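Below is one structure, written out as structure tokens, with a few remarks after it.
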Amino acid sequence: KRLAVDASIWLIQFIKAMRDVETGEMLHNAPQLGLFRRLCKLLFLHVRPLLVFDGGTPAIKKRTVARRREFRQRQESSLERTAKR
């Protein structure tokens with residue numbers, strides 16, 4: 001048996017679902033860990049997964065990239081101000 005899977009959907013699921021019970025923060029390496037566990041389960045069931053990385057960027061990823069860009073810009077401007085002192 002073969003199964004084609006939209007990998008980006010799985011990765012987003014792991015980011016949203018795999019959280020620390022106490023803090024609510026995403027577990028370290030949650031997407032990789034979740035993907036590994038799911039792939040192991042499929043292989044155990046003798047299903048050959050085919051991961052598909054296709055299509056546009058999900059909205060959550062666009063927001064994350066925008067936040068990272070803003071943070072990096074703030075850090076760079078702070079560094080420049082500090083260097084001028």
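None of these values were measured; they are calculated from a predicted model.
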State, yes or no, whether a side-chain contact exists between V5 and L50 at a heavy-atom distance under 4.5 Å. no
Side chains of residues 33-45: which donor-acceptor pairs under 3.5 Å do they make with residues two or more places apart or in other chains?
| from | atom 1 | to | atom 2 | distance (Å) |
| --- | --- | --- | --- | --- |
| R38 | NH1 | Q13 | OE1 | 2.9 |

Listed by chain and number, what are the side-chain hydrogen bond (donor to acceptor under 3.5 Å, both in side chains) partners of D6, not counting sequence neighbours? S8
A17 meets the side chain to side chain contact (heavy atoms under 4.5 Å, CB included) criterion, sequence neighbours left out, with none
Is it the case that more than 12 heavy atoms not belonging to F53 sit under 6.0 Å from its CZ atom? yes
dist K1:NZ -> H46:NE2 (nearest 0.5 Å) comes out at 9.0 Å
Would you list the pairs meeting side-chain hydrogen bond (donor to acceptor under 3.5 Å, both in side chains) in which at least one residue belongs to residues 66-76, sequence neighbours left out? none
Assigning hydrophobic clusters by single linkage (Ile, Leu, Val, Met, Phe, Trp, Tyr; side-chain heavy-atom cutoff under 4.5 Å), is L11 placed with V52? no
Which residues pass the side-chain hydrogen bond (donor to acceptor under 3.5 Å, both in side chains) test with T82, sequence neighbours left out? none
Between R2 and V47, what is the shortest heavy-atom contact and its length? C-CG1, 4.5 Å
Applying side chain to side chain contact (heavy atoms under 4.5 Å, CB included), can you list everything that pairs with K62, at least two apart in sequence or on another chain? T57
Taking only residues two or more places apart in sequence or in another chain, which ones pass side chain to side chain contact (heavy atoms under 4.5 Å, CB included) with S77? R81
